[in-house]
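Notes follow the structure.
Values reported hereafter were calculated over all heavy atoms of this structure, with side chains retained and with hydrogens, waters and symmetry mates removed.
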Amino acid sequence: MKNIGKIVLLVLGIALIALGVKNFVELPGQKAALEAAVYLDEAVILPENEGKMVIIHGKPEMTAPAYDEELGLSLDTIKAYRYAEEYKLTSSEKLEYKYGWVAKGQKSIVGKASLGEFALDEKTLIGLPADSEYEDFNMEEISAKGYEVSKGKTTEGAWTDRWWVIVGGKYYYDAFEYSGNLDIPHITREMDKEIANERAGARAYAYKVYTGAGDQEVTIAGIQQGNRLVADETIGPMVRTGIQTKDQLLSSNKGGIIGSAAVFMALGAVLVFLGIRKQKTKEK
């Protein structure tokens, strides 16, 4: 078992270091691509730019809202970041059964939008920032699906600003535990067990969304393909808040790559060190 832990640490560490090195290696290519990009003062489609990287700025306009196909819910935004949790048994030691919310993954959900004459592709929309908690749910959809809506709670029991869509449950449950100790009356044990069984399996979903509040504009770099702006395969979605010049875009991209690469390599080195130290300690 200890060997498995050592191997996991080493593999994760090496993978992170490799990712950091990869970012450094790709930096010159990304810089060259951005330097060669056509900067447009207006987001208009020009035939001579077909297949080239262009840089545009402006305020994205929603042409179709984001839709969570899994839950069947419409979201009044062009980009949402969904958090999922499940209420389940978290530990069962010495006849003490504890239940709570466990994270079950995250995902991006996008609608459709345009900027000027360009339709923005899905990858570009995913690059938009999701910075506001979503609460404008369509209650007709919520009711039709048999869902509930509830605010979340902190570990201390205080209500949060985050709203959750509850599936298979009533509200955002508190952490719960019951004892199977025979010293406790049978009826109490059975009632607590029934409460746990009733709540277990409930799922909760919350969303952070892009609002583009006010007249907020963004600067986007991508490949012109027909009437679409498509994220470059090497650089990926490049979206920056506010209007940026080409030089500013180059600087922010370089800083982001160097920063993330340094973090990956530092974390990787720590994991490799821990894996090696773990092995040396075992040998002693």
Side-chain angles (χ1 to χ4, degrees), residues 26-69 73-82 106-138 207-257 259-260:
E26 291 179 349
L27 181 58
Q30 292 193 19
K31 179 183 177 183
L34 282 173
E35 286 178 337
V38 179
Y39 191 93
L40 298 175
D41 292 321
E42 294 185 18
V44 294
I45 296 171
L46 302 174
E48 60 267 29
N49 292 332
E50 180 66 19
K52 296 179 181 178
M53 179 176 288
V54 298
I55 300 171
I56 62 175
H57 58 80
K59 184 174 180 179
E61 299 293 333
M62 182 169 66
T63 55
Y67 182 73
D68 189 337
E69 294 184 357
L73 296 179
S74 301
L75 305 168
D76 188 22
T77 181
I78 55 179
K79 186 268 177 76
Y81 193 67
R82 191 188 78 182
Q106 304 166 2
K107 66 180 294 186
S108 291
I109 300 169
V110 299
K112 295 182 180 180
S114 61
L115 199 164
E117 296 181 355
F118 291 89
L120 304 177
D121 77 325
E122 180 177 337
K123 288 184 178 180
T124 298
L125 293 179
I126 288 175
L128 290 169
D131 49 17
S132 296
E133 300 287 349
Y134 189 72
E135 57 182 65
D136 299 327
F137 295 102
N138 183 327
Y207 306 85
K208 292 192 74 171
V209 300
Y210 169 77
T211 59
D215 295 324
Q216 184 184 77
E217 297 189 48
V218 295
T219 301
I220 302 175
I223 306 299
Q224 177 178 311
Q225 290 185 1
N227 69 334
R228 302 170 68 229
L229 190 71
V230 179
D232 181 80
E233 291 185 3
T234 301
I235 297 178
M238 179 166 288
V239 181
R240 299 289 185 270
T241 301
I243 300 176
Q244 292 196 2
T245 65
K246 183 188 288 189
D247 287 341
Q248 289 173 325
L249 204 60
L250 279 161
S251 178
S252 65
N253 185 60
K254 179 181 179 181
I257 291 175
S260 62

On a heavy-atom basis, the closest approach of Thr63 and Ala113 is OG1-N, 3.5 Å

Closest heavy-atom contact between Ile78 and Pro60?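 Closest approach of Ile78 to Pro60, heavy atoms only: CD1-CB, 3.9 Å.
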
Check for a donor-acceptor pair, side chain of [X] on one end and backbone N or O of [Y] on the other, with a separation under 3.5 Å.
X	Y	value
Thr124	Pro237	no
Thr241	Val218	no
Lys79	Pro129	no
Thr245	Gln248	yes
Ser108	Ile126	no

Heavy-atom check, side chain of [X] versus side chain of [Y], under 4.5 Å:
X	Y	value
Met62	Asp76	yes
Thr219	Val239	no
Leu229	Leu115	no
Leu34	Ile235	yes
Thr211	Ser132	yes

(request) Starting at CD of Gln244, measure out to CD of Glu217 and round the result to the nearest 0.5 Å. (result)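 One finds 12.0 Å between CD of Gln244 and CD of Glu217.
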
Using a 3.5 Å cut-off and no angle test, enumerate the donor-acceptor pairs between side-chain atoms of residues 40-57 and protein atoms at least two apart in sequence or in another chain.
from  : atom 1 : to     : atom 2 : distance (Å)
Glu50 : OE1    : Gly226 : N      : 3.0
Glu50 : OE2    : Gly226 : N      : 3.1
Lys52 : NZ     : Glu48  : O      : 3.2

- Partners of Tyr81 by side-chain hydrogen bond (donor to acceptor under 3.5 Å, both in side chains), sequence neighbours excluded?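 If we apply the side-chain hydrogen bond (donor to acceptor under 3.5 Å, both in side chains) test to Tyr81, skipping adjacent residues, the hits are Gln106.
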
Sorted by chain and number, sequence neighbours left out, side-chain hydrogen bond (donor to acceptor under 3.5 Å, both in side chains) with Asp68 holds for Arg82, Tyr207

Is the number of heavy atoms from other residues, nucleotides or ligands under 6.0 Å of Glu122 CD greater than 12?
no

Glu69: partners by side-chain contact (heavy atoms from CB on, under 4.5 Å), with sequence neighbours left out: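 side-chain contact (heavy atoms from CB on, under 4.5 Å) check on Glu69 returns Tyr67.
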
Residues passing the side-chain contact (heavy atoms from CB on, under 4.5 Å) test with Glu61, sequence neighbours excluded, are Lys59, Ser114

Contacts satisfying salt bridge (charged side-chain N to carboxylate O under 4.0 Å, His left out) that involve residues 219-229 (not counting sequence neighbours) are none

*asked:* Val209 vs Leu75, test: side chain to side chain contact (heavy atoms under 4.5 Å, CB included). Steps then yes/no.
replied: CA-CA 9 Å; Val209 300; Leu75 305 168; 5.5 Å; no

